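Each chain gets a letter, A, B and so on, in the order the sequences are listed, and its residues count up from 1. Just so it is clear, the structure is predicted and the values come from calculations on it, not from any experiment.
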Protein chains: 2
Amino acid sequence: MAKVSMREVADRAGVSVGTVSHVVNGSSKVAEATARKVNEAIEELGFVRNAAARQLRSGHSNSLGLVVLDTSNPFFASVAHGARQACDEAGLALLIGDSGTDEQREGKYLDLFAEQRVNGLLVTPTGSDLSRLESIASRGTPVMLVDRDSNGYALSSVTVDNIAGGRMALDHIIAGGCIRPVFIGGPQSLPQVADRLAGAAERAHQSGLDLPVYSTPELTILAGRDAGEKVVGLPADRRPDAVFCANDLLAVGFMQAVIMFSDLRIPDDIAILGYDDIDYAFSTIVPLTSVRQPAAMVGRTAVETLLQENASASGDHHDRRFTPELVVRGSTRPV
Amino acid sequence: MAKVSMREVADRAGVSVGTVSHVVNGSSKVAEATARKVNEAIEELGFVRNAAARQLRSGHSNSLGLVVLDTSNPFFASVAHGARQACDEAGLALLIGDSGTDEQREGKYLDLFAEQRVNGLLVTPTGSDLSRLESIASRGTPVMLVDRDSNGYALSSVTVDNIAGGRMALDHIIAGGCIRPVFIGGPQSLPQVADRLAGAAERAHQSGLDLPVYSTPELTILAGRDAGEKVVGLPADRRPDAVFCANDLLAVGFMQAVIMFSDLRIPDDIAILGYDDIDYAFSTIVPLTSVRQPAAMVGRTAVETLLQENASASGDHHDRRFTPELVVRGSTRPV
DNA sequence: CAACAATATTGAAACGTTTCAATACTATCG
DNA sequence: CGATAGTATTGAAACGTTTCAATATTGTTG
C-alpha cells in the first residue's frame with residue numbers, strides 16, 4: 001500500500017513538511033525551484049495524500065451523502081445523475097446509498113455518512129417519521145429531502161407535485177372516455193404513491209367514478225406484471241378500462257401481462273398510464289402515456305439548494321416544488 | 001456539526017478514552033456496568049465516531065471503489081447492484097464513480113479512491129492503456145477489471161465473452177435467413193464493442209456475407225435513434241435486413257426510429273438484435289432479441305474474487321469469464 | 001489471609017495531515 | 001551599508017481515533 005507520507009517527501013526534497021503541504025495544496029506561495037524539487041520527490045516516491053488525515057485535520061470531508069429508495073429505478077438513477085453532476089461542478093464527492101425502501105438500511109447509510117462527516121445529506125426517506133433527520137439537521141448537518149415533502153418537519157425539500165400529477169393522470173383518462181379506472185401501486189406507505197393516488201381519487205370522485213386500488217408490494221416491473229395478471233383475469237364486466245400505475249416500471253410490467261395473458265387491446269380495451277416518463281416509456285410495446293418528472297433537475301436542484309443554504313448559514317429552510325407534465329402517447333385513448 | 005469526541009464521552013462517563021473505544025468497537029471485554037455508563041454518555045452527548053480519525057489510525061478504510069463507464073446504462077447499474085450486495089455482505093462500503101467513458105474523469109476517480117485508501121478497486125477502463133492500473137496493483141491495492149480483459153497486463157478480471165456473444169448474434173441472424181446484416185455500435189475503441197463486432201464479423205464472413213458497420217459516438221438510446229434514422233432512409237436495395245446493435249439501448253433507439261420514420265416491419269423487413277438483455281428488452285414495441293449477460297453476477301463475482309485474492313495475498317491473478325446467452329424474442333425472425 | 005491468576009481499565013504514543021505564528025531569507029531603498 | 005518590507009520556509013501543535021503495554025481491580029485457592 002502507499003506507505004509514503006509527506007515526511008518522506010519532505011526529507012527527500014530537503015524541505016519541511018509544511019512546505020510539501022503548501023506545494024500539494026497551493027495554500028501558500030512557494031518558490032518555483034522549491035516547488036519543482038518537491039514535485040520531483042512526490043513523483044519519485046509515488047506519494048498520494050491521505051484523505052483521512054487531511055479530513056481529520058481540516059474537519060470536513062468535501063462530500064455529500066445521497067440515500068435513495070432504489071438505484072435501479074430509472075427515476076432515482078436520473079436524480080442521482082443530476083446530483084452527481086452538480087457535485088462534480090462544486091468539487092464535492094457524492095456518496096450514494098440505496099435503502100431499498102428498508103428503514104434499517106436507510107439508517108445504516110445515515111450512520112455511515114455521519115461517521116464520514118459529510119457536508120450535507122440528500123435523502124428520500126422510507127418511513128414517515130423524519131425526526132431523526134430533523135435532529136441531524138438541527139445538529140448542523142444540512143439535510144435536504146428529495147422527492148419528499150418536509151411536511152411540518154424543519155427540513156428543506158425538493159419535490160415534484162404528486163397530487164397534481166395524479167390529477168393530470170385521471171383527468172386525461174376521464175377525457176378519453178374511460179369509466180372504470182383503477183389505480184395500481186404500493187406500498188401505500190410511500191407518500192409518493194399515496195399522493196398520486198389522492199390526486200387521482202379526487203378527480204375520479206368529482207366525476208362520479210370509483211377508483212379501486214390494487215396494491216403492490218413494490219414499484220417494479222415484476223410487481224406490475226403480477227398485478228396485470230390478476231386484473232386481466234377478471235370477468236369482462238368487472239374489468240377496468242383504464243389503469244393508472246404509480247410508476248412506469250409497474251406500467252411496463254402491467255403491459256407485459258396484458259400482452260401475454262390476454263387479447264385485450266391497448267388502449268381500446270384497456271388504457272395504461274404510467275408515471276415518471278423514463279427513457280424506455282417511449283419504446284414500450286405500446287408507447288406509454290406517462291406523467292413526466294424532471295428527475296435530473298430534482299437531483300441537481302437538491303444539491304445546489306443545499307449548498308446555498310449551507311453558504312448562507314441562515315438556518316432557514318426552503319421547499320422547492322416542481323410541477324410534472326403529462327406526456328401523451330399511444331397507451332391511452334386520445335381525447 | 002457533531003463536535004463531540006471520545007474525550008468528552010470519557011469524561012462524562014468517568015472513564016478513559018481507551019475504554020470508550022473498547023465499548024464502541026467491542027474490541028476488548030468491558031464490565032457490564034462500565035459499558036452501560038459509557039453508552040449512556042454516548043447517547044446523551046450524541047457522539048458519532050469519526051471515520052477519518054479511525055481510518056487514519058487503523059490504516060485502511062473498509063471500502064472498495066468501483067469505476068464504471070456509465071451508471072445510467074442498465075447493464076452497469078446491474079453490475080453496481082451486484083457489487084453493492086457483495087460489499088454489504090462483507091461489511092464494506094462501496095464508492096461508485098462514473099467515468100462517462102472519459103479517461104480524465106476515470107483518472108479523477110482513481111485519484112480520489114487512492115487518497116481514500118480503498119481496500120480495492122473495480123474498474124471498467126475507458127482507454128486501452130492499463131499501465132496505470134497495473135502500477136496501482138503492483139503497489140499493493142488489488143485491482144479487478146470489470147467487463148474488460150486483462151489482456152497481458154498483470155491484473156485480474158471478470159468478463160463476459162463478447163466474441164462468443166457476437167458469434168451467437170450473427171449465427172441467429174443468419175439462421176433466420178437474413179442476408180444483409182449490419183453492425184451498429186461504438187465507439188470502436190471500447191473493447192466490448194470491438195469484440196462483439198469481431199465475433200459477428202467472423203461469422204458473417206464464414207457465411208460469405210459482408211458486415212457493414214455504422215459507428216455511433218456512444219451506447220445510448222439517442223445514438224441508436226440517430227443511427228436508425230440514417231439506416232431507414234437508405235434506398236431499399238441498400239437497406240439492411242438485420243441490425244446487430246452493440247447494446248440494448250442502441251437497439252431500443254433504433255427500433256424507435258424504425259417505427260417513427262418508416263413503414264418497415266420488424267422482423268420481416270428488418271430484424272433487430274440487441275445486447276445485454278436489460279429488463280426493458282422484454283417490453284419494447286417489438287420484444288427485443290438480445291444477448292444476455294449475467295450483469296449482477298459480474299459485479300458480485302468481481303467483489304468476491306477481489307476479496308479472496310486479497311485474503312490469500314498470493315499476488316496471482318485470476319480471469320473469470322462468463323458466457324452470454326441468446327434470448328430470442330420477436331424482433332428477429334424465428335429459425 | 002496471602003498469593004496468584006484472571007479480568008478491567010488506563011495512559012500515552014502514533015497515524016499523516018493542515019495551519020499559523022515565528023523565523024529565515026532577499027531585494028529595495030535612502 | 002543598515003534598515004525595512006516583502007516573500008519563503010519552518011516547526012510544532014492540533015485533529016480523534018486505535019492499540020498495547022502497564023497498571024489496577026477483582027476473584028480464587030491453598
Side-chain angles (χ1 to χ4, degrees), chain A residues 1-39 41-42 45-63 111-112 114-119 139-140, chain B residues 1-39 41-42 45-63 111-112 114-119 139-140:
Chain A
M1 199 67 89
K3 53 196 345 158
V4 20
S5 73
M6 279 193 176
R7 176 75 263 152
E8 318 187 39
V9 173
D11 289 350
R12 173 85 161 215
V15 299
S16 77
V17 199
T19 303
V20 176
S21 176
H22 289 139
V23 171
V24 170
N25 301 307
S27 46
S28 152
K29 215 68 202 125
V30 179
E32 172 72 19
T34 318
R36 227 190 41 243
K37 273 191 304 179
V38 171
N39 281 320
I42 288 178
L45 298 172
F47 165 74
V48 175
R49 77 186 160 185
N50 183 321
R54 129 188 284 256
Q55 176 172 324
L56 168 58
R57 176 58 233 235
S58 66
H60 54 193
S61 58
N62 274 16
S63 64
D111 288 343
L112 184 66
E115 292 187 1
Q116 225 68 235
R117 301 291 192 270
V118 294
N119 300 11
R139 287 210 195 97
Chain B
M1 200 67 87
K3 55 199 341 161
V4 21
S5 74
M6 279 194 175
R7 177 74 263 153
E8 317 187 39
V9 174
D11 290 350
R12 173 87 160 212
V15 300
S16 77
V17 200
T19 303
V20 175
S21 176
H22 289 139
V23 171
V24 170
N25 301 307
S27 46
S28 153
K29 214 68 204 128
V30 179
E32 171 72 19
T34 318
R36 227 192 39 243
K37 272 192 305 181
V38 171
N39 281 321
I42 289 178
L45 298 172
F47 166 74
V48 176
R49 77 188 159 184
N50 183 321
R54 128 189 284 255
Q55 175 172 325
L56 168 59
R57 177 58 233 241
S58 67
H60 53 194
S61 58
N62 274 18
S63 64
D111 288 343
L112 184 66
E115 291 186 1
Q116 223 70 236
R117 301 291 191 267
V118 294
N119 299 12
R139 286 209 197 100

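Note that the CE atom of A/M6 and the CD1 atom of A/I42 stand 7.5 Å from one another [nearest 0.5 Å]. Between atom CZ of residue A/R54 and atom OG of residue A/S61 there is a gap of 11.0 Å, rounded to the nearest 0.5 Å. Here A/E8 contributes atom CD and A/L45 contributes atom CG; the two are 7.0 Å apart, rounded to the nearest 0.5 Å. For the atom pair CG (A/N50) and CD (B/Q116), the distance works out to 9.0 Å, reported to the nearest 0.5 Å.
Rounded to an integer number of Å, the gap from NE2 of B/H60 to P of D/dT17 is 17 Å. B/N25 has its CG atom 13 Å from the P atom of D/dC20, to the nearest Å. We find that CD of B/Q55 is positioned 13 Å from C1' of C/dT17, with the value rounded to whole Å. Spacing between atom CG of B/L56 and atom C1' of C/dT17 amounts to 8 Å, rounded to whole angstrom units. Between the NZ atom of B/K37 and the C1' atom of C/dT10 there is a distance of 13 Å, given to the nearest Å. Summarising the geometry, the separation between CG on A/D11 and C1' on D/dT9 is reported as 15 Å, rounded to the nearest angstrom. The distance between atom NE2 of A/H22 and atom P of C/dC20, rounded to the nearest whole Å, is 9 Å. Distance, A/R117 CZ to D/dG16 P: 8 Å, rounded to whole Å.
Between B/S21 and D/dT18 there is a side-chain N or O to OP1 or OP2 distance below 4.0 Å. For A/S5, no side-chain nitrogen or oxygen approaches OP1 or OP2 of C/dG16 to under 4.0 Å. Side-chain N/O atoms of B/S27 include none lying less than 4.0 angstrom from OP1 or OP2 on D/dT18. Contact between the side-chain N/O atoms of B/T34 and the OP1/OP2 oxygens of C/dT9 is found at a separation under 4.0 Å. Phosphate proximity of C/dC15 to A/N50: absent, as no side-chain N or O sits under 4.0 Å from OP1 or OP2.
When heavy atoms are screened at a 4.0 angstrom cut-off, A/R7 is found touching no nucleic acid atom at all. Across all strands, A/T19 comes closer than 4.0 Å to base atoms (heavy-atom distances).
Contact of A/R54 with C/dT17 (side chain to base): no donor-acceptor pair of N or O atoms is detected under 3.5 Å.
Residues B/R57 and B/S28 each lie close to DNA chain C; by heavy-atom proximity, the contact nearer the 5' end of the strand is made by B/S28.
Contact between B/A10 and B/V17 at its shortest, heavy atoms only, is CB-N, 3.8 Å.
Listed nucleotides: C/dT17, D/dA8, C/dT10. Nearest to the side chain of A/R49: C/dT17.
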